[in-house]
There are 2 protein chains.
Amino acid sequence: MAIESFDTSAVPTLVPRQSSRRSHALFVALQKDIVLGDLAPGKALTELDLAQRFQCSQSTVREALMQLHEEGLVIRQPNRGTHVAPCNADDAAALLRIRHEVECSTLDRVVARTDEPLLADLRNLLNAMRNAARDADEYLLSVYDRAFHLRLFETADLPLVTPILTRCLIHNHRYKIQRSQPNRALEETAERHVPIIEALAARDAPALHRLLSHHILTIVDFGPDLTLQGVST
Amino acid sequence: MAIESFDTSAVPTLVPRQSSRRSHALFVALQKDIVLGDLAPGKALTELDLAQRFQCSQSTVREALMQLHEEGLVIRQPNRGTHVAPCNADDAAALLRIRHEVECSTLDRVVARTDEPLLADLRNLLNAMRNAARDADEYLLSVYDRAFHLRLFETADLPLVTPILTRCLIHNHRYKIQRSQPNRALEETAERHVPIIEALAARDAPALHRLLSHHILTIVDFGPDLTLQGVST
DNA sequence: AACATCCTTATTATCGATAACGCAAGGTTG
DNA sequence: CAACCTTGCGTTATCGATAATAAGGATGTT
């Protein structure tokens with residue numbers, strides 16, 4: 001049977017653009033390798049090495065590495081080198097808590113500013129997630145997942161906070177993907193966003209708060225829920 | 001009468017080192033100008049301009065600007081330029097909430113790992129704050145204040161979260177300084193850290209939590225406490 | 001053997017020059 | 001007149017080469 005694709009023609013502008021900048025292309029490539037674990041934590045990344053491998057200059061590599069450092073995916077030590085950042089459960093749990101605080105405590109602002117363009121963008125990203133899930137592309141799914149939550153948060157209009165959420169999201173997904181089972185139900189991950197859109201469309205702030213809080217707290221199973229205790233849902 | 005200085009010989013290693021890197025020196029200088037408001041929000045920072053002004057190459061300026069971008073003090077738009085970041089009350093309040101979450105929710109870890117070197121460092125930083133306050137150097141006071149809270153947090157050993165706290169601290173102080181009155185009681189700011197050290201020395205986690213929470217929530221007066229409502233103290 | 005010092009090597013940091021980009025102003029074409 | 005192209009300018013992005021740095025090993029001294 002013919003599996004239909006959802007229309008995602010409006011999506012490209014919602015995802016951090018893959019500009020013509022070589023440094024950004026390199027940044028995106030390395031980001032993917034790190035999140036997927038193809039570059040293991042602790043692995044050394046030397047600038048001239050990467051420059052030769054990607055056929056660009058050292059400056060371009062440096063720029064990409066600084067962008068990765070900004071997201072906390074690599075650690076740069078002056079004159080010492082760059083290494084892939086660790087991926088601990090403790091950090092992951094703390095970052096999830098912060099993400100919960102950031103996304104949930106600004107929902108009133110989000111609901112107050114919700115408009116049709118926002119809802120349209122979120123629906124498009126939902127469809128993009130569905131397509132990625134159908135193609136079993138877990139990384140692409142995570143890209144759209146991040147874009148979804150960022151688009152939602154940008155509505156709160158807190159530009160100085162957005163980079164913090166970006167950092168939390170990428171590490172949430174990195175931790176999740178690195179401990180995910182091969183046969184995960186990716187479709188389910190996509191569909192988990194449906195009620196969020198519905199509550200937002202209905203401007204139902206309390207329901208949205210409850211849904212999003214649960215959504216975030218159940219992203220990763222931290223086992224005996226010790227690390228996230230005390231989060232007020 | 002002779003006003004005595006507190007011994008701060010052990011402090012230099014506790015403050016982000018002013019390495020011999022030109023880019024870092026430039027980063028520190030611009031950071032100060034932005035936090036103090038000498039560089040107003042929105043002001044354009046062009047790379048070649050700064051390079052000429054600081055007698056270094058464009059690459060060095062770029063590196064400094066990227067470090068400032070990492071802290072959210074400037075906004076870089078590809079091919080468009082770099083501008084000093086805005087300084088809104090909404091963002092400031094949100095960042096303060098995040099800081100509260102970050103510092104307070106990890107106190108159990110901090111108390112569990114508290115040792116004498118930590119307490120010695122904090123006492124040294126307290127003295128450094130007292131000296132800065134006596135010299136009426138509000139910016140230097142804020143530098144040591146940030147170092148104090150960062151040193152405390154590093155004890156929690158959550159390296160991926162530290163950059164988030166760094167960002168919150170710098171913006172807290174930027175917002176506070178930009179709306180501070182000229183005759184502020186700087187000594188009081190320094191002394192506010194005394195009970196925190198005492199509770200930590202006593203390994204009294206509940207008292208520490210209460211003190212630190214209050215300490216953070218009373219840094220900036222957001223007027224009718226609307227923006228910080230819902231923070232569980 | 002212990003220790004300081006010099007040197008080698010791997011790597012990052014900085015430089016100066018050139019290329020690419022985005023915007024705005026002015027001109028061209030229908 | 002409006003839509004579209006072109007060109008110029010200010011700026012960032014990239015390049016290739018050179019300088020500076022840090023760590024470890026080799027060397028020499030006590």
Side-chain angles (χ1 to χ4, degrees), chain A residues 12-13 15-31 33-34 39-85 159 163, chain B residues 12-13 15-31 33-34 39-85 159 163:
Chain A
T13 62
V15 174
R17 70 161 187 161
Q18 45 193 348
S19 84
S20 59
R21 289 182 304 156
R22 293 173 75 76
S23 64
H24 193 260
L26 184 49
F27 164 69
V28 170
L30 290 174
Q31 184 183 51
D33 286 346
I34 293 173
L39 288 173
K43 162 126 182 126
L45 300 174
T46 68
E47 298 176 357
L48 287 174
D49 185 26
L50 289 171
Q52 189 169 28
R53 199 128 54 85
F54 286 86
Q55 289 297 299
C56 64
S57 77
Q58 187 198 357
S59 336
T60 305
V61 173
R62 275 175 78 76
E63 186 137 347
L65 290 179
M66 282 190 260
Q67 291 179 66
L68 289 168
H69 179 77
E70 193 167 324
E71 289 192 336
L73 291 177
V74 303
I75 294 172
R76 278 167 67 76
Q77 296 165 292
N79 285 308
R80 300 277 317 285
T82 303
H83 297 261
V84 176
Chain B
T13 61
V15 174
R17 69 161 188 162
Q18 46 193 349
S19 85
S20 59
R21 290 149 70 218
R22 292 173 78 76
S23 64
H24 193 259
L26 184 49
F27 163 70
V28 170
L30 290 173
Q31 184 183 50
D33 286 345
I34 294 173
L39 288 174
K43 164 131 180 113
L45 301 175
T46 68
E47 299 176 355
L48 287 174
D49 186 26
L50 289 171
Q52 190 170 27
R53 200 129 53 86
F54 286 86
Q55 289 295 298
C56 64
S57 77
Q58 186 198 359
S59 336
T60 305
V61 173
R62 277 175 77 75
E63 186 136 347
L65 291 180
M66 281 191 259
Q67 291 178 67
L68 290 168
H69 179 78
E70 193 167 324
E71 289 192 336
L73 291 177
V74 303
I75 293 172
R76 279 167 67 76
Q77 296 165 291
N79 286 306
R80 300 275 318 282
T82 303
H83 297 260
V84 176

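Everything numeric in this text was worked out from a predicted model, so none of it was measured. All chains are named by letter (A, B, ...) in the order of the sequence lines, taking the proteins before the strands, and each is independently numbered beginning at 1.
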### Task
Start with the C-alpha gap between B:Gln67 and B:His24, add the side-chain angles, then the distance that decides, and say whether side chain to side chain contact (heavy atoms under 4.5 Å, CB included) holds.
CA-CA 8 Å; B:Gln67 291 178 67; B:His24 193 259; 3.8 Å; yes
### Task
Whole angstrom is fine here: how far is it from NE2 in A:His83 over to C1' in D:dA23?
12 Å
### Task
Whole angstrom is fine here: how far is it from NZ in A:Lys43 over to C1' in C:dT11?
15 Å
## Note on the structure
So, with a heavy-atom separation below 4.0 Å from DNA chain D, the residues of residues 46-59 of chain B are B:Thr46, B:Glu47, B:Leu48, B:Gln58
### Task
Could you check whether A:Leu26 gets within reach of a base, just the sugar-phosphate, or nothing at all, counting any heavy atom under 4.0 Å?
nothing
### Message
Let's see if you can work this out: which of D:dA23, C:dC23, C:dT14 has an atom nearest to the side-chain heavy atoms of A:Arg80?
### Response
D:dA23
### Summary
Side-chain contact check for B:Arg76: nearest option of D:dA13, C:dT14, D:dA22 is D:dA13
### Query
With respect to the phosphate group of D:dA13, does any side-chain polar atom (N or O) of A:Thr60 fall under 4.0 Å of OP1 or OP2?
no
### Presence of B:Arg21 side-chain N/O under 4.0 Å of C:dA13 phosphate oxygens OP1/OP2
yes
### Query
Between A:Arg21 and B:Asn79, is there a donor-acceptor pair closer than 3.5 Å when you use the side chain of the first and the backbone of the second?
no
### Pairs touching residues 46-58 of chain A that satisfy salt bridge (charged side-chain N to carboxylate O under 4.0 Å, His left out), sequence neighbours left out
A:Glu47-A:Arg62, A:Glu47-A:Arg76
### Contact list for DNA chain D against residues 63-71 of chain A - heavy-atom distance below 4.0 Å
none
### Query
Counting distance only, does the side-chain N/O of B:His83 pair as donor-acceptor with the main-chain N or O of B:Gly42 below 3.5 Å?
yes
### Message
According to side chain to side chain contact (heavy atoms under 4.5 Å, CB included), who are the partners of B:Leu26, at least two apart in sequence or on a separate chain?
### Response
B:Leu30, B:Phe54, B:Cys56, B:Val61, B:Ala64
#### Entry: pair A:His69-A:Thr82: side-chain heavy atoms closer than 4.5 Å
no
### Residue list, salt bridge (charged side-chain N to carboxylate O under 4.0 Å, His left out) with B:Glu71, at least two apart or on another chain
none
### Value in whole Å for how far the P atom of D:dC9 lies from CG of B:Asn79
19 Å
### Query
Counting just side-chain N and O atoms, does B:Ser20 come under 4.0 Å of either OP1 or OP2 of D:dT21?
yes
### Query
Is the shortest heavy-atom distance from the side chain of A:Val84 to the side chain of A:Leu45 under 4.5 Å?
yes
#### Entry: Contacts of B:Ser57 that satisfy side chain to side chain contact (heavy atoms under 4.5 Å, CB included) - sequence neighbours left out
B:Ser59, B:Thr60
### Message
I want to check one thing: is the phosphate of C:dA20, taken as OP1 and OP2, less than 4.0 Å away from some side-chain N or O of A:Arg22?
### Response
no
### Phosphate OP1/OP2 of C:dT14 contacted by B:Ser23 side-chain N/O (<4.0 Å)
yes
